Each structure stands twice: as structure tokens, then as C-alpha cells.
Amino acid sequence: MVAAGFPLKHLLIVYHSQSGHTEAMAKAVYRGANAPDIEAVEVRLLRAFDAGADDLLWADGLLLGTPENFGYMSGALKDFLDRTFYPCEGKIDALPYAIFISAGNDGTGALTAIRRIAKGYPFSEVHEPLIAKGETTETVLGRCEDLGMTLAAGLEIGIF
Ligand SMILES: Cc1cc2nc3c(=O)[nH]c(=O)nc-3n(C[C@H](O)[C@H](O)[C@H](O)COP(=O)(O)O)c2cc1C
């Protein structure tokens with residue numbers, strides 16, 4: 001037990017970013033998840049190439065962030081999923097997760113691809129995806145903070 005009276009939960013944020021937009025989103029998600037009122041959630045922020053099966057097995061909740069590249073998720077996020085699928089097979093039970101995407105267009109190619117693969121783990125989508133088109137504005141970053149806070153708060157109080 002911790003101060004808030006809830007058991008400690010773990011939230012993993014895995015992202016890739018080439019030109020910085022998704023990284024800015026990921027950092028805002030991380031800030032939100034670390035909001036002062038949320039005391040019983042430990043948050044881990046990792047680039048996709050640095051994350052592995054141990055991180056996924058550690059997690060009680062997951063946030064996946066990617067740019068849309070060539071109508072798909074980034075190769076780095078796909079690599080993370082490729083590397084972790086078999087080591088985690090049978091060890092994950094509907095892990096609560098959500099997706100954030102930075103795209104020049106509508107982001108639906110990346111979204112569809114992640115959702116299809118997520119069914120296999122399985123991950124359970126608990127929040128609508130956040131898709132930012134074009135520049136990463138303060139409004140977008142605010143929505144990212146809200147996303148991180150919502151996932152962390154939901155984990156803390158046990159609604160996910
Ligand atoms: C190689 C490449 C392919 C891209 N393909 C798409 C695409 O298919 N659809 C789209 O909406 N944006 C596409 N974009 C634009 C990126 O998704 C967009 O610039 C995004 O904000 C980049 O995020 P990042 O700064 O985190 O790397 C592409 C960018 C690159 C570099």
C-alpha cells in the first residue's frame with residue numbers, strides 16, 4: 001500500500017519519434033501521468049527501441065505513441081511489438097492501453113495497424129486514441145497531459 005491507500009500500479013509509455021512531434025506528445029503524456037494527485041502509479045517512459053518484454057510484463061497499463069509513416073505505425077514501434085509478442089504470449093491478460101499518434105494527414109493507417117496487432121497480445125483499449133495532425137500545439141500537448149492523467153488515475157483507482 002502507498003499513501004493514497006491504493007496498491008502501486010505501473011504505467012508504461014512506449015513511443016518512437018523521428019522529428020520530435022511524437023516525443024513532445026510522449027513527454028506531455030508522461031507529465032500528465034505524474035500529476036501530483038496521483039500517488040500510487042509509477043510511470044516509465046521509453047523509446048520503442050529501448051523497451052522490451054520485461055517492460056511490458058512490468059506494466060499494468062500501456063500507452064503507445066508513434067508517428068504515422070507510409071500509412072502505418074513507425075518501424076520502431078512495430079519492432080517493439082515484434083520483439084515482445086512471443087516473450088509475452090500467454091502472460092498478458094487484456095492490458096489496458098491507449099494510443100497517441102502524430103500524423104501529417106489523418107493517422108488512421110497507424111491506428112488500424114496498432115489495433116489489429118493489439119488484439120493478439122491482448123491489449124484492451126480503454127481510452128479513445130489521440131491523433132494530432134500537423135504541428136504539436138499547446139492544445140495538443142494539453143490533450144496529451146489529460147490522456148496520461150486519465151490512464152494513470154484510472155489505473156490507480158482500479159477502473160481499468
Ligand atoms: C518517411 C515518412 C513517411 C510519412 N508518412 C506519412 C503518412 O503516411 N501519413 C501521414 O499522415 N503522415 C506521414 N508522415 C508525416 C509524419 O507522420 C509527421 O511528420 C509526424 O508529425 C512525424 O512525427 P515525429 O516528429 O514524431 O517523427 C510521414 C513522415 C515521414 C518522415
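Numbering of ligands and ligand atoms starts at 1, following listing order. Side chains included, hydrogens not; waters and symmetry mates left out as well; all remaining heavy atoms used. Just so you know, these numbers come straight off a predicted model, no measurement behind them.
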Does any N or O in the side chain of Asn34 come within less than 3.5 Å of the main-chain N or O of Tyr30, such that one atom is a donor and the other an acceptor?
yes

Salt bridge (charged side-chain N to carboxylate O under 4.0 Å, His left out) partners for Glu42, two or more places apart
none

Sorted by chain and residue number, the residues having a heavy atom closer than 4.0 Å to an atom of ligand 1 are Ser17, Gln18, Ser19, Gly20, His21, Thr22, Pro67, Glu68, Asn69, Phe70, Gly71, Ser102, Ala103, Gly104, Asn105

How would you list, by chain and number, every residue that makes a ring pair (Phe, Tyr, Trp, His ring centres under 6.0 Å) with Phe100, sequence neighbours excluded?
none

Inter- and intrachain pairs under side chain to side chain donor-acceptor pair (under 3.5 Å), touching residues 54-67, at least two apart:
His10-Trp58, Arg44-Asp55, Thr66-Ser74

Taking atom CD as the centre, does Gln18 end up with more than 12 heavy-atom neighbours from other residues, nucleotides or ligands that are less than 6.0 angstrom away?
no

Are Asp37 and Met149 close enough that some pair of their side-chain heavy atoms sits under 4.5 Å apart?
no

